[in-house]
Amino acid sequence: LVFTDDDRAMGLAVDEIVDIVEDRLKVELVSEQPGVLGSAIIRNQATEIIDVGYYLVQGFADWFQRASATASGGGHKRKVLLVDDSPFFLNMIGPLLQVSGYDVTTMNDPVAALRLRDDGRMFDAIVSDIEMPGMNGFELAEAIRKEGAWRDTPIIALSARSTPQDFERGRQVGFTDYVVKLDRDALLATLHETFEHAGEAA
């Protein structure tokens, strides 16, 4: 399996490729073993999910750090709140943002995330999943825009759904931008552009 990023490439050797499956993963059991995110049920079989990001930085320590220079502003790290009910995505996206230079706080519950606002916690940007039980991402964005200290905070939506209707609803409820899940480059570029725009507006 070969991963490329501009002029760099790294390969992971495998015995064989059994199948290629496109699905939304839910990690049922989180692993403490380096290089393994945990286990998920894929086509009715328990399957270990490797942490690709872990191996990428083994090959190139600065693999994710090209955006580091733009992740801070005014001499301090930008604070990003990441909200997602999936341990898989929290474990994948959280470290990605951290090694890119951001100060990341992760929450797996939108309602608990709103309590941070009530406690006076402030963030430079919020990245939220859309499909979550209880309060979904659209409802979270509406609650943020309705009242409180986060009303003007940029909110970036993360979703596996990418139809024009999804994008339009995201804009209507107050999302600043909409990024398809697993598109690492798009997320980092969107955060960079969001902060650049905020700096110009200031």
Side-chain angles (χ1 to χ4, degrees), residues 24 26 53 64 67-202:
R24 185 183 182 201
K26 182 178 181 181
F64 294 117
S68 295
T70 61
S72 61
H76 69 279
K77 286 186 176 182
R78 300 281 193 179
K79 294 183 178 181
V80 176
L81 172 63
L82 173 62
V83 185
D84 197 314
D85 67 301
S86 167
F88 173 79
F89 284 106
L90 287 180
N91 289 336
M92 181 179 68
I93 300 173
L96 164 65
L97 297 178
Q98 288 174 345
V99 299
S100 296
Y102 296 104
D103 181 358
V104 182
T105 298
T106 60
M107 299 294 293
N108 63 3
D109 179 6
V111 175
L114 287 174
R115 295 195 194 104
L116 296 179
R117 178 189 63 181
D118 299 335
D119 291 340
R121 295 280 299 277
M122 296 298 295
F123 298 92
D124 296 297
I126 299 167
V127 178
S128 175
D129 184 23
I130 295 295
E131 297 87 5
M132 294 182 287
M135 174 182 283
N136 63 36
F138 294 124
E139 294 166 336
L140 174 62
E142 288 177 326
I144 290 173
R145 294 294 182 233
K146 183 178 180 180
E147 61 184 359
W150 294 355
R151 288 187 65 179
D152 298 323
T153 302
I155 313 172
I156 298 170
L158 280 181
S159 179
R161 300 167 57 184
S162 57
T163 67
Q165 293 82 2
D166 293 320
F167 289 135
E168 179 58 29
R169 186 180 178 191
R171 284 190 289 267
Q172 289 176 355
V173 299
F175 278 108
T176 309
D177 214 328
Y178 204 106
V179 177
V180 177
K181 267 191 172 181
L182 297 180
D183 193 336
R184 171 181 58 84
D185 292 333
L187 176 58
L188 294 178
T190 298
L191 280 171
H192 175 53
E193 292 170 5
T194 297
F195 291 133
E196 270 200 337
H197 178 73
E200 292 172 359

Residue among Thr190, Val104, Leu158, Val83 satisfying side chain to side chain contact (heavy atoms under 4.5 Å, CB included) with Val127: Leu158
Closest non-hydrogen atom pair, Glu131 against Ser159: OE2-OG, 2.8 Å
Any residue meeting side chain to side chain contact (heavy atoms under 4.5 Å, CB included) with Asp103, in chain and number order, not counting sequence neighbours: Lys77, Lys79
Heavy-atom side-chain contact between Pro110 and Glu139 under 4.5 Å: no
Partners passing side chain to side chain contact (heavy atoms under 4.5 Å, CB included) against Glu168 (at least two apart in sequence or in another chain): Arg171, Gln172
Closest heavy-atom pair and its distance - Ile130, Tyr178: CG1-OH, 4.0 Å
All pairs passing ring-ring contact (aromatic ring centres under 6.0 Å, His included) where residues 126-158 contributes a residue, at least two apart: Phe123-Trp150
Contacts of Ala112 that satisfy side chain to side chain contact (heavy atoms under 4.5 Å, CB included) - sequence neighbours left out: Met107, Asp109, Arg115
Point-to-point distance, once rounded to the nearest 0.5 Å, from CG of Leu116 to CD1 of Ile126: 9.5 Å
Heavy atoms of other groups near Asp152 CG, more than 12 under 6.0 Å: no
Pair Asp84-Lys181, side chain to side chain contact (heavy atoms under 4.5 Å, CB included): steps then yes or no: CA-CA 11 Å; Asp84 197 314; Lys181 267 191 172 181; 3.0 Å; yes
Side-chain touch Leu97/Leu188, heavy atoms, less than 4.5 angstrom: yes
Arg145 side chain reached by Ile155 side chain, heavy atoms, under 4.5 Å: yes
Point-to-point distance, once rounded to the nearest 0.5 Å, from OG1 of Thr105 to CZ of Arg121: 4.5 Å
Partners passing side chain to side chain contact (heavy atoms under 4.5 Å, CB included) against Arg151 (at least two apart in sequence or in another chain): none
Closest contact, heavy atoms only, Gly137 versus Ser128: CA-OG, 4.0 Å
For Glu147, all residues meeting salt bridge (Lys or Arg N to Asp or Glu O under 4.0 Å), sequence neighbours excluded: none
Test side chain to side chain contact (heavy atoms under 4.5 Å, CB included) applied to Met135 and Leu114, step by step: CA-CA 11 Å; Met135 174 182 283; Leu114 287 174; 4.0 Å; yes
Arg78: which of Thr194, Leu191, Asp124 passes side chain to side chain contact (heavy atoms under 4.5 Å, CB included): Asp124
Heavy-atom pair with the smallest gap, counting every atom of Pro133 and Asp85: CD-OD2, 3.5 Å
Side-chain heavy-atom pair Leu82, Tyr102 within 4.5 angstrom cut-off: no
Any side-chain heavy-atom pair of Asn136 and Asp129 under 4.5 Å: no
